Asks: 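Once you've had a glance at the structure underneath, I'll fire off some questions.
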Amino acid sequence: MKRQITDAFTDFFYEYETPRQVLVRNKKVGVVCRLVQLIVLVYIIGWVFVYEKGYQSTDKAVGSVFTKMKGVGYTAGINGSERVWDMAESVFPSQGDASIVVMTNYIMTEHQKIGKCPELQGKYSCRSNSDCDQGSLKRTGHGKMTGVCVNATETCEVLAWCPVEDDHNIPDPALLLSAENYTLFIKNSVTFPLFGVSRSNLVEGIDSNYISKCLFEPNDAPLCPIFRLGDIVKLSGFDFETIARLGGAIGIVVDWTCNLDVDLKHCKPKYSFHGLYGNSDENDTARASVGYNFRYAKHFMEGKIQTRTLHKVFGIRLDIIVHSLARKFDIIPTLTAIGSGVGIFGVATVVCDLVLLYLLPKRDFYHIMKFKQASTCAPIPESEECSTTTQLPKE
């Protein structure tokens, strides 16, 4: 046992393995080897360096988005009243953000006061007071039930803002179709911290004179930061009249993909538009909850009684999404890509060895030629030298 441990210890320190080069003249193996090397070479050059830009380091930007909507809307009421809507009333939030909502339709309930009134017909119907659970608050109701059944409407009485809102009849067509001509101004700034580069979508040639006259068009004015709302909806794949009635959402993507190895002026934004959800007869498959809407109220005092006007707003939500990726030459990823590519070339050797040692008819001959053990030798009598002989098998 002691001798075995000693031999193992000695072999570990005093043995050395070195690769043996064997030149094999075989057409099949040669073609397989070169084919595998060609595939690896195409992968390294085509995928790693050309497509994935493996010789460059990357960085994502930090930035901000500022928006401003301009335009005037007009509606004519059922009773003949006319109204003009400016941006302070029809754009939310009014201060400009990366996500804004433009009102295109609405239901207005005026002069609401806290009091007792019946629920809408068809909601919480009753035939007697026992059908109305006094003091309960229903999730889809308008207020607190008083326990009284109103015979005129056959609905439960509630303590709420009265009269309660009736949103069963949504105006069709939308009341603010004039919003189609609103314009959206987008100002976006990005910074790539790793490279110390800052850019704005107001690139070279985009000055105040140009902005005052331009309107975005994918082919003729792709860098103009002013967008017509109707064009945004059309480019997203929606129809304006359809989406304006119930509302929806559209994503505006500002793409900053920059190669900083070339002149910085070529680092420019590209705009694209995507319909996120709209009406059920278009691209949206979520028929259970169609469109986009929310409510807000304007409070005032009428005499000494608090009063409000409730608006249910249907609108187009615009989400400005910034995508960014900058690349620049870096010696470290370049050497890493080259090193990994050289390592992958070893795949050709592995494949060819498998063919040589396991598939070809002369595999036994190639196995002996490839692997040679020189760990033992026959000692020459009366001498400390060894006699080493190599016997090759007969083919």
Side-chain angles (χ1 to χ4, degrees), residues 75-83 85 89-90 92-93 101-177 241-249 277-282 284-317:
T75 58
I78 300 176
N79 56 0
S81 61
E82 296 179 307
R83 180 164 181 174
W85 299 80
E89 295 179 297
S90 56
F92 310 89
V101 178
V102 182
M103 181 170 67
T104 55
N105 205 4
Y106 63 89
I107 296 174
M108 184 185 299
T109 308
E110 298 181 293
H111 301 291
Q112 284 189 318
K113 302 178 179 66
I114 293 292
K116 296 179 180 180
C117 53
E119 272 283 10
L120 292 178
Q121 288 185 340
K123 181 175 287 190
Y124 304 116
S125 300
C126 63
R127 294 193 177 274
S128 64
N129 293 344
S130 60
D131 295 330
C132 302
D133 188 10
Q134 183 178 4
S136 66
L137 296 168
K138 302 296 184 181
R139 182 180 64 86
T140 57
H142 289 90
K144 179 180 178 181
M145 287 190 180
T146 62
V148 176
C149 179
V150 181
N151 295 326
T153 60
E154 293 186 345
T155 56
C156 295
E157 183 184 68
V158 291
L159 175 66
W161 286 96
C162 298
V164 296
E165 178 191 59
D166 183 0
D167 59 352
H168 290 163
N169 298 316
I170 302 173
D172 188 11
L175 298 176
L176 275 169
L177 289 178
E241 290 187 6
T242 305
I243 196 175
R245 180 174 178 266
L246 295 177
Y277 57 87
N279 290 334
S280 58
D281 57 347
E282 295 187 4
D284 190 5
T285 58
R287 298 175 182 270
S289 178
V290 178
Y292 177 82
N293 64 79
F294 64 93
R295 292 174 174 83
Y296 77 94
K298 291 183 177 180
H299 292 260
F300 56 93
M301 298 298 293
E302 197 171 73
K304 293 184 178 181
I305 301 175
Q306 186 179 13
T307 310
R308 76 176 189 180
T309 297
L310 178 66
H311 295 79
K312 182 175 182 179
V313 174
F314 302 87
I316 300 174
R317 175 177 174 139

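Remember, predicted model here, so these are calculated numbers, not experimental data.
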Asks: Looking at CG of L246 and CZ of F314, how far apart are the two atoms once the value is rounded to the nearest 0.5 Å?
Replies: 6.5 Å
Asks: Would you say the side-chain atoms of N105 pair up with the backbone N or O of A174, donor to acceptor, closer than 3.5 Å?
Replies: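 Checked: no pair found.
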Asks: Hey, what's the ring geometry for H311 with W85, parallel, tilted or perpendicular (30° and 60° as the breaks)?
Replies: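 Rings of H311 and W85: perpendicular, as their planes differ by over 60°.
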Asks: With the side chain counted from C-beta on, respond yes when I107 and P171 share a heavy-atom pair under 4.5 Å apart, and no when they do not.
Replies: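 When only atoms from C-beta onward are counted, P171 and I107 do touch, with a gap below 4.5 Å.
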Asks: Can you give me the closest heavy-atom contact between G143 and A160, atom names plus distance?
Replies: CA-CB, 3.9 Å
Asks: So if I apply the side chain to side chain contact (heavy atoms under 4.5 Å, CB included) rule between Y124 and each of D133, V158, D131, T140, which one comes out positive?
Replies: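 The single option meeting the side chain to side chain contact (heavy atoms under 4.5 Å, CB included) with Y124 is T140.
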Asks: Show which side-chain atoms of residues 115-122 pair as donor or acceptor with protein atoms under 3.5 Å away, not counting sequence neighbours.
Replies:
| residue | atom | partner | partner atom | Å |
| --- | --- | --- | --- | --- |
| E119 | OE1 | H142 | ND1 | 2.9 |
| E119 | OE2 | H142 | N | 2.8 |

Asks: Would you call R295 and Y106 a side-chain contact if the rule is heavy atoms closer than 4.5 Å?
Replies: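 A side-chain contact under 4.5 Å is absent here.
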Asks: Nearest 0.5 Å please: distance from the CG atom of L175 over to the CZ atom of R245.
Replies: 10.5 Å
Asks: Is any side-chain heavy atom of M103 closer than 4.5 Å to one of F294?
Replies: no
Asks: E165 vs T109, test: side chain to side chain donor-acceptor pair (under 3.5 Å). Steps then yes/no.
Replies: CA-CA 6 Å; E165 178 191 59; T109 308; 4.6 Å; no
Asks: Counting only heavy atoms not in K144, do more than 12 fall under 6.0 Å of its NZ?
Replies: no
Asks: Quick one: are the C156 and C132 sulfurs under 2.5 Å apart?
Replies: yes
Asks: Between SG of C126 and CG of N151, what distance do you get to the nearest 0.5 Å?
Replies: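 Spacing of SG (C126) from CG (N151) equals 7.5 Å.
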Asks: Is the Y296 ring parallel, tilted or perpendicular to the F92 ring (thresholds 30°, 60°)?
Replies: tilted
Asks: Rounded to the nearest 0.5 Å, what separation is found between the CE atom of M145 and the CG atom of N129?
Replies: 12.0 Å
Asks: Just so I know, are the side chains of M301 and Q306 near enough to count as touching, which here means a heavy-atom distance under 4.5 Å?
Replies: yes
Asks: Between the main-chain N or O of V150 and the side-chain N or O of T155, is there a donor-acceptor pair closer than 3.5 Å?
Replies: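 Looks like no, no N/O pair under 3.5 Å.
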Asks: Kindly say whether T309 contributes a backbone atom to a donor-acceptor pair with the side chain of Q112 at under 3.5 angstrom?
Replies: no
Asks: Counting only heavy atoms from other residues, nucleotides and ligands, does the tally under 6.0 Å from CG of D166 exceed 12?
Replies: yes
Asks: Let me confirm one number: the CD1-OH distance from I243 to Y277, rounded to the nearest 0.5 Å.
Replies: 9.0 Å
Asks: To the nearest 0.5 Å, how far apart are CE in M108 and CG in L310?
Replies: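 It comes to 10.0 Å.
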